[in-house]
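Before any comments, here is the structure.
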There are 2 protein chains.
Amino acid sequence: MTPDQALGIAFSFFNEVGIVNQLSSALLQKRLGNGFTVAQFSVLNHLIRVKDGQTPMALASAFQVPKTSMTHSLTKLEQNKLIELRSNPKDGRSKCVWITEAGKNYRETTIASLSGDIARLSDKLDFDAIQQALPVLQQVRQILDEDRNED
Amino acid sequence: MTPDQALGIAFSFFNEVGIVNQLSSALLQKRLGNGFTVAQFSVLNHLIRVKDGQTPMALASAFQVPKTSMTHSLTKLEQNKLIELRSNPKDGRSKCVWITEAGKNYRETTIASLSGDIARLSDKLDFDAIQQALPVLQQVRQILDEDRNED
DNA sequence: CCTATTTAGTACGAAATCGAACTATAATAT
DNA sequence: ATATTATAGTTCGATTTCGTACTAAATAGG
């Protein structure tokens, strides 16, 4: 495989990833309604999928966004009582982000509401193929993630 | 496959797509520097990858963004002479978006500058697996795209 | 035709995102 | 210990994104 071929494949791949992300985010945004953004929901989801109790800085790093953007998202989530910001006992400079029961419920309800969309598309989507593509995405994610941490 | 399994697979898939998109967009943003955004570059790329001469409305629809957002992106690109906005001879209300030579050159140069990133990752990335995952992404894209057009 | 409705784009204000500067605390060096 | 440097978070202003209202042109119905 020549470098040019690799670049072409990678560029096509990331291009498709971008489009699929736009389309799926739009689906999610519809379900979220006007209350929250996809970014805010993603933080909530991350707190469950990975863990909560992390600092805002750790979340900003995980999402590859400036800490000021994360502060904004967390403020909105806290105002709606979906998360709690407590002081960090181990570091007086920072805080810890904990998801509330209301936050867990909101996440569960939102995911469940997406089942209608999946059901509507279930006879068209090839879930076996999607399942097989998942490890590829995870591997690419891991490699890109390690790469950016090599600063 | 139960509906719950399908929902789980789909949710994991779209979640990974979102993360990979964040990471790859960050790589691209680094190469773009402070001059342009990923959104603006994506428009430029679309004009080549699909076709130019389209109306701003068609582009807004393709990118699933409000027309006001597209107007803003196009204004920035036009100010930097990477595109031209001409009146539409077939419709006095609308315009046509054409990429300039400078726009083509900028896109080519940017893509070429990404070859360094790909080369750095080339011994870790499995391009064969990525190539095999590409049709899956394209199929999912097509299905989501058709679905949203059924309004 | 002529009116009513729809559509493309713009103007404007609100919210989200981001970078730079600042404060407070922690870690490090001497 | 004390001074220096680094880090976490906030504040503030600029850019991007977006929804609503508006204008101009095309389409549809009578």
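Throughout, protein chains are lettered first and strands after them, A, B, ... in sequence-line order, and every chain is numbered starting at 1.
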Stepwise, does the side-chain contact (heavy atoms from CB on, under 4.5 Å) test hold for A:Asn105 with A:Glu108? CA-CA 5 Å; A:Asn105 289 337; A:Glu108 288 294 335; 5.6 Å; no

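Among the atoms of the strands shown, only primed sugar atoms or phosphate atoms (P, OP1, OP2) are found under 4.0 Å from some heavy atom of A:Gln40.
B:Met70 places its CE atom 16 Å from the C1' atom of D:dG19, with the value rounded to the nearest Å. A:Gln79 has its CD atom 11 Å from the P atom of C:dA15, to the nearest Å. Rounded to an integer number of Å, the gap from B:Phe36 CZ to C:dC18 P is 18 Å. A straight line from CD of B:Gln22 to C1' of C:dT17 spans 13 Å, rounded to a whole angstrom. Atom CG in B:Leu32 sits roughly 13 Å away from atom P in C:dG19 (whole-Å rounding). In this structure, B:Glu78 places its CD atom 13 Å from P of C:dG9, rounding to the nearest Å. To the nearest angstrom, P of D:dT10 lies 15 Å from NZ of A:Lys76. Note: CD (B:Gln29) to C1' (D:dT15) measures 12 Å, nearest angstrom.
Contact check, A:Ser69 against C:dC18: a side-chain N or O comes under 4.0 Å of OP1 or OP2. For A:His72, a side-chain nitrogen or oxygen approaches OP1 or OP2 of C:dA16 to under 4.0 Å. For D:dG9, neither phosphate oxygen OP1 nor OP2 lies less than 4.0 angstrom from any side-chain nitrogen or oxygen of A:Thr71.
Nucleotides of DNA chain C nearest to A:Gly92 and A:Thr37 differ in position, and the one nearer the 5' end is that of A:Thr37. Summary of the strand contacts: A:Gln64 and A:Lys90 both lie near DNA chain C, and taking for each the nucleotide with the nearest heavy atom, the more 5' one is attributed to A:Gln64.
For B:Gln29, there are no side chain to side chain donor-acceptor pair (under 3.5 Å) partners two or more places apart in sequence or in a different chain.
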Just the table, please: protein N/O against nucleotides 5-8 of chain D N/O, every pair under 3.5 Å.
residue	atom	partner	partner atom	Å
D:dT7	O4'	A:Arg93	NH1	3.3
D:dT7	O2	A:Arg93	NH1	2.9

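The residue from A:Gln138, A:Glu146, A:Gln139 that alone fulfils the side-chain hydrogen bond (donor to acceptor under 3.5 Å, both in side chains) condition with A:Gln142 is A:Glu146.
Side-chain rings of A:Phe13 and B:Phe127 stay apart, their centers remaining 6.0 Å or farther from each other.
The shortest distance between side-chain heavy atoms of B:Glu78 and B:Val97 does not fall below 4.5 Å.
The residues A:Arg31 and A:Asp117 are annotated as salt-bridged, a charged nitrogen and a carboxylate oxygen being separated by less than 4.0 angstrom.
Within the 3.5 Å criterion, the main-chain N or O of A:Leu82 finds a donor-acceptor partner in the side chain of A:Thr100.
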